[in-house]
Every structure is written in C-alpha cells, then in structure tokens.
Chemist: 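Have a look at this one.
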Amino acid sequence: MFFSLNLLEILPLTIINIFFFFVFSTVLFLSYPIGRYFLINHCENNLVKCSLFSMTIFATIVAITTNLAPIFAKYVIFIFYLINLFILVTSSKIRNDLFKAVISFKFVLLATFLIFLILNIIYNRIFIESDKLVYFFDSHDSFYIGPIAEILTADYFSRIKIFSHYPLEWSSYHFFEASFNSIFLLPIYQLGIIGLNILKNFYLSIFLSLFFFSFFKNESFKKEEFLQIILKAFLVILLFILLSPQITYFILTKNFISTLSIIFIIQSLLSNNKKEFLLWVIILSLSSFRNIFISVMFFVYYLIESQHFNFTSIIHKIKRSLNLPNLILMTLFLLYLIATFYQN
C-alpha cells in the first residue's frame with residue numbers, strides 16, 4: 001500500500017529498514033488506545049502491553065472471520081485502525097496516557113531501533129547484485145506468508161485457500177499468528193515474505209529490549225550499586241546467551257506472542273500482580289492452542305496459591321478474575337475455538 005517492491009532496488013537497505021521500523025512502530029503506537037481503554041484499571045500504563053492486548057482482540061476476530069468468511073478479514077483490520085484512531089482523536093485522557101507511555105518507553109524504543117538495525121544485518125536475506133534484487137528463498141516461506149496473503153487479499157466467502165496449492169482449502173488450522181502479523185503488514189502487504197521476515201526481526205528486537213530492561217527498572221542508580229548493576233548485566237547477558245538459540249527460533253518462526261506472554265506472566269508472578277497474571281495466561285492460550293494445557297496449569301496455580309486454601313477462597317478468586325478484559329478474551333477464545341473446527 002505504502003511501499004513498492006521496486007524501491008528495494010533504488011534505496012539503500014539501511015533506509016529501507018528505517019522505513020520499516022517507522023511503519024511497524026506506528027502500528028504499535030496506533031494499537032494502544034483500545035488496549036488502554038479496556039486495561040486502564042487492570043494493567044499498568046505500558047505501551048507494549050496495551051497494544052498487544054488490543055491487537056490480540058482483533059487478531060482473534062480476524063482469525064474467526066478468516067475461518068468463516070475470508071473476504072471480510074482485511075476489513076476487520078481497517079476497522080481496528082479506525083477505532084483506535086477515533087479513540088485517540090476524541091479522548092484527551094488516552095492521548096495523555098499514550099504520551100506518558102511513549103516517554104517511559106523511550107530507552108526501550110531506542111534499544112529496539114538499534115537492535116532492529118543490527119538484526120537486519122545478521123538475518124539479512126535481501127541483497128542487491130548487478131542492480132537486481134536477490135532474495136534467499138526458504139522452503140518454509142510459502143507456509144508462513146500463505147495465510148497472511150489470503151487474509152489481506154481474499155475476495156471469496158469459502159474456506160481460506162492454501163496459497164502455495166491454490167485453490168485447495170485449509171482444513172482446521174490456527175490462524176491467530178497470521179492474523180496478528182496481518183495487522184502489522186497491511187500497510188506494506190505488497191512486499192509479501194520480505195516484509196514478514198523484516199517484521200520478525202522487529203519482533204525479536206522488541207523482545208530483546210524488553211528482556212534486558214525488565215531487569216533494570218530503576219533509572220536512578222546509586223554509585224554504591226554500580227558493582228551490583230555490572231553483575232546483574234553480566235548474568236542477564238549470560239542467561240540470554242544460554243537461551244538465545246531457542247528464543248530466536250521461537251520468535252523467528254511463529255511464537256512471538258507466546259514468548260512475550262510468558263515473559264509478562266513471569267513478571268506478574270514476581271510482582272504478585274494477579275490481575276495481569278490471568279490476562280497473559282489467557283493470551284498465551286489464544287496465541288496457540290498447544291499452550292492450553294500450560295495455561296490451565298497456571299490458572300490452577302492461581303486458584304490454589306493461598307495461605308488459607310479452601311473452597312471459599314477459590315470461589316472468591318474466580319469471581320475476582322471475571323473482569324471485563326478477561327471476559328472479552330475468554331469469550332473470543334471460545335468463539336475462535338468453535339470457528340476453527342466448525343467446518344470440519
């Protein structure tokens with residue numbers, strides 16, 4: 001929509017990467033209002049958390065629509081943009097909260113930008129050779145881009161087609177990740193798999209920035225804490241090196257939301273924030289059906305974790321968990337589960 005494939009052969013790749021970062025960051029910022037509107041009393045004013053919540057809601061709606069009538073899927077994304085824009089324009093409270101969230105996110109945003117540029121050098125699959133665009137194709141590329149391409153371009157009501165085996169149709173399949181990616185890729189959908197691979201680098205840069213800064217929330221360090229900070233930074237880097245292959249694989253394939261949800265679940269447990277804990281547990285299930293068992297275990301832990309464990313405390317916790325954000329996510333999860341297996 002906003003980008004031509006021919007520009008890849010004209011502009012330096014660094015300029016192209018900066019443009020992509022601007023597009024993806026704009027979508028992230030634009031996704032904030034809906035999330036903040038629903039989470040204002042249930043979650044801290046965090047840019048990524050509020051945006052991720054709103055995108056999760058609409059990615060699920062897109063996935064449901066994709067299973068039932070693919071022709072409408074792209075219009076759901078347009079509606080998502082318009083609703084967020086409307087809230088942003090009409091609500092001064094949301095605008096002020098977004099400004100505060102961006103300001104508090106400034107160091108993470110800067111780190112994300114720098115890591116994004118580095119990752120696009122390390123995982124670069126695009127080259128200009130003899131004034132021609134060269135792309136290193138992977139056999140899995142059509143599998144990843146197929147559902148996204150159909151979501152953004154489908155003009156039919158029947159079951160979604162298999163992009164690489166057209167006009168064969170998908171059987172029961174989990175379209176949440178493709179729907180989530182479609183929200184970011186709609187402005188540049190003509191770039192196809194190239195845009196998707198760069199988007200995955202954007203995801204990985206967000207994760208790495210959040211992972212590192214989650215250990216350093218205090219901005220006013222004292223001199224006597226300097227040694228402790230150095231030690232903590234060393235341990236964080238060591239931890240990442242040990243987990244790097246698995247984390248990179250998860251995010252660069254199809255598990256960005258799952259990986260980020262687990263980070264937020266751990267943070268909620270450490271801070272004893274039960275409201276946010278359940279929120280990310282439900283999103284973990286939405287991100288992939290194979291996470292349902294893990295989410296159930298987390299929920300059971302939430303129910304039995306108490307110094308005074310009894311039936312009354314369980315009922316009280318269940319009632320307390322039935323807030324609007326959780327109810328919205330649980331309702332969408334059930335509808336999505338039904339829609340996924342409806343035609344089979």
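If you read the sequence from its start, that first residue is 1, and numbering goes on from there.
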Chemist: Among side-chain atoms of Asn84 and Ser31, is any donor-acceptor pair under 3.5 angstrom?
Modeler: no
Chemist: For the pair Phe105 and Leu109, evaluate side chain to side chain contact (heavy atoms under 4.5 Å, CB included) and give the outcome as yes or no after the intermediate values.
Modeler: CA-CA 6 Å; Phe105 194 66; Leu109 187 63; 3.9 Å; yes
Chemist: Going from OG1 on Thr66 to CZ on Phe175, what distance comes out if it is rounded to the nearest 0.5 angstrom?
Modeler: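 Spacing of OG1 (Thr66) from CZ (Phe175) equals 7.0 Å.
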Chemist: Is there side-chain contact between Cys43 and Phe53, with heavy atoms separated by less than 4.5 Å?
Modeler: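 Sidechains of Phe53 and Cys43: no contact.
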Chemist: With side chains defined as the heavy atoms from C-beta onward, is the minimum distance between Val281 and Phe277 less than 4.5 Å?
Modeler: yes
Chemist: Would you say that Ser209 contacts Ile115 through its side chain, given a criterion of any heavy-atom pair below 4.5 Å between the two side chains?
Modeler: yes
Chemist: Side-chain contact, heavy-atom cut-off 4.5 Å: Leu278 with Phe298?
Modeler: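 SC-SC contact between Leu278 and Phe298 ruled out.
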Chemist: What I'd like to find out is whether the side chain of Leu196 reaches to under 4.5 Å of the side chain of Lys200, using heavy atoms alone.
Modeler: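 Contact flag for Leu196/Lys200 side chains = yes.
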Chemist: So, does Ser179 use its side chain to make a donor-acceptor pair with the main chain of Ala63 at under 3.5 Å?
Modeler: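 Checked: pair present.
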Chemist: According to a hydrophobic-cluster definition based on side-chain heavy atoms being under 4.5 Å apart (Ile, Leu, Val, Met, Phe, Trp, Tyr only), do Leu210 and Ile266 belong together?
Modeler: yes
Chemist: From His42 NE2 over to Glu276 CD, what is the distance, rounded to the nearest 0.5 angstrom?
Modeler: 11.0 Å
Chemist: Under the 3.5 angstrom rule, does the side chain of Lys74 hit a backbone N or O of Ala154 as a donor-acceptor pair?
Modeler: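 Flag set: sc Lys74 to bb Ala154 pair under 3.5 Å.
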Chemist: Is Phe99 reachable from Leu30 through a run of I, L, V, M, F, W or Y residues, each pair having side-chain heavy atoms under 4.5 Å apart?
Modeler: no
Chemist: To the nearest 0.5 Å, tell me how far Leu185 CG sits from Ile194 CD1.
Modeler: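 That separation rounds to 12.0 Å.
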Chemist: Quick check: does any side chain N or O of Ser51 sit under 3.5 Å from a backbone N or O of Val48, one acting as donor and the other as acceptor?
Modeler: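 Flag not set: sc Ser51 to bb Val48 has no pair under 3.5 Å.
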Chemist: Would Phe78 and Ile151 show up in the same hydrophobic cluster when neighbours are defined by side-chain heavy atoms closer than 4.5 Å?
Modeler: yes
Chemist: Calculate, to the nearest 0.5 Å, the distance between atoms CG and CD1 belonging to Asp155 and Ile71 respectively.
Modeler: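 Atom-to-atom, Asp155:CG and Ile71:CD1 are 6.0 Å apart.
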Chemist: Does the side chain of Trp280 come within less than 4.5 Å of Leu260's, by heavy atoms?
Modeler: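 They are not in side-chain contact.
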Chemist: With clusters defined by side-chain heavy atoms of hydrophobic residues (ILVMFWY) lying less than 4.5 Å apart, directly or transitively, does Ile263 cluster with Leu286?
Modeler: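 Same cluster.
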Chemist: So does Ile34 get a backbone contact from the side chain of Ser54, meaning a donor-acceptor N/O pair under 3.5 Å?
Modeler: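 Pair absent, no side-chain N/O of Ser54 close to backbone of Ile34.
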Chemist: Please answer: with hydrophobic residues joined when any side-chain heavy atoms are less than 4.5 Å apart, are Ile262 and Met297 in the same cluster?
Modeler: yes
Chemist: Please examine the side chains of Ile18 and Leu117, heavy atoms only from C-beta on, and report whether any two atoms are closer than 4.5 Å.
Modeler: yes
Chemist: Mind checking whether Phe116 and Phe202 have parallel, tilted or perpendicular rings, split at 30° and 60°?
Modeler: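 Rings of Phe116 and Phe202: perpendicular, as their planes differ by over 60°.
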Chemist: Please round to the nearest 0.5 Å and tell me the distance separating atom CG of Asn201 and atom CG of Asn120.
Modeler: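 Reported value, rounded in 0.5 Å steps: 4.5 Å.
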Chemist: With rounding to the nearest 0.5 angstrom, report the OG to CD1 distance, Ser295 to Ile265.
Modeler: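 The CD1 atom of Ile265 is 6.5 Å from OG of Ser295, to the nearest 0.5 Å.
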Chemist: Please name the residue in the list Phe176, Phe207, Tyr203 that meets the ring-ring contact (aromatic ring centres under 6.0 Å, His included) test with Phe256.
Modeler: Tyr203
Chemist: Determine the interplanar angle of the Phe333 and Phe289 rings, folded into 0 to 90°, and report it as parallel if under 30°, tilted if 30 to 60°, perpendicular if over 60°.
Modeler: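 Phe333 vs Phe289 ring planes: perpendicular.
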Chemist: Are the side chains of Asn323 and Asn326 in touch, meaning some heavy atoms are under 4.5 Å apart?
Modeler: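 Asn323 reaches Asn326 side chain to side chain.
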Chemist: Which heavy atom of Arg95 sits nearest a heavy atom of Val89, and at what distance?
Modeler: NH1-O, 2.7 Å
Chemist: I'd like to know if the side chain of Lys106 reaches the main chain of Ile103, judged simply by a donor and an acceptor atom lying under 3.5 Å from each other, with no hydrogens or angles considered.
Modeler: yes
Chemist: Should Ile183 and Tyr81 be marked as a side chain to side chain contact (heavy atoms under 4.5 Å, CB included) after you check the CA-CA gap, both sets of side-chain angles, and the distance that decides it?
Modeler: CA-CA 9 Å; Ile183 294 175; Tyr81 289 164; 4.3 Å; yes
Chemist: Between Arg36 and Leu98 (side chain of the first, backbone of the second, donor and acceptor by atom type, cut-off under 3.5 Å), is there such a pair?
Modeler: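 No: the side chain of Arg36 does not pair with the backbone of Leu98.
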Chemist: Looking at Asn291 and Ile294, would you say the former's side chain and the latter's main chain have a donor-acceptor pair under 3.5 Å?
Modeler: no
Chemist: Identify all side-chain donor-acceptor contacts of residues 19-28 below 3.5 Å with residues at least two apart in sequence or on another chain.
Modeler:
from  : atom 1 : to    : atom 2 : distance (Å)
Ser25 : OG     : Phe21 : O      : 2.8
Thr26 : OG1    : Phe22 : O      : 2.6

Chemist: Is a side-chain N or O of Tyr32 found less than 3.5 angstrom from the main chain of Asp97, in a donor-acceptor match?
Modeler: yes
Chemist: Which pair of non-hydrogen atoms, one from Leu39 and one from Cys50, has the smallest distance, and what is that distance?
Modeler: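 Taking Leu39 first and Cys50 second, the nearest heavy atoms are CD1-CA, 4.2 Å.
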Chemist: Main chain of Ala101, side chain of Ser104: is a donor-acceptor contact present, judged purely on distance under 3.5 Å?
Modeler: yes
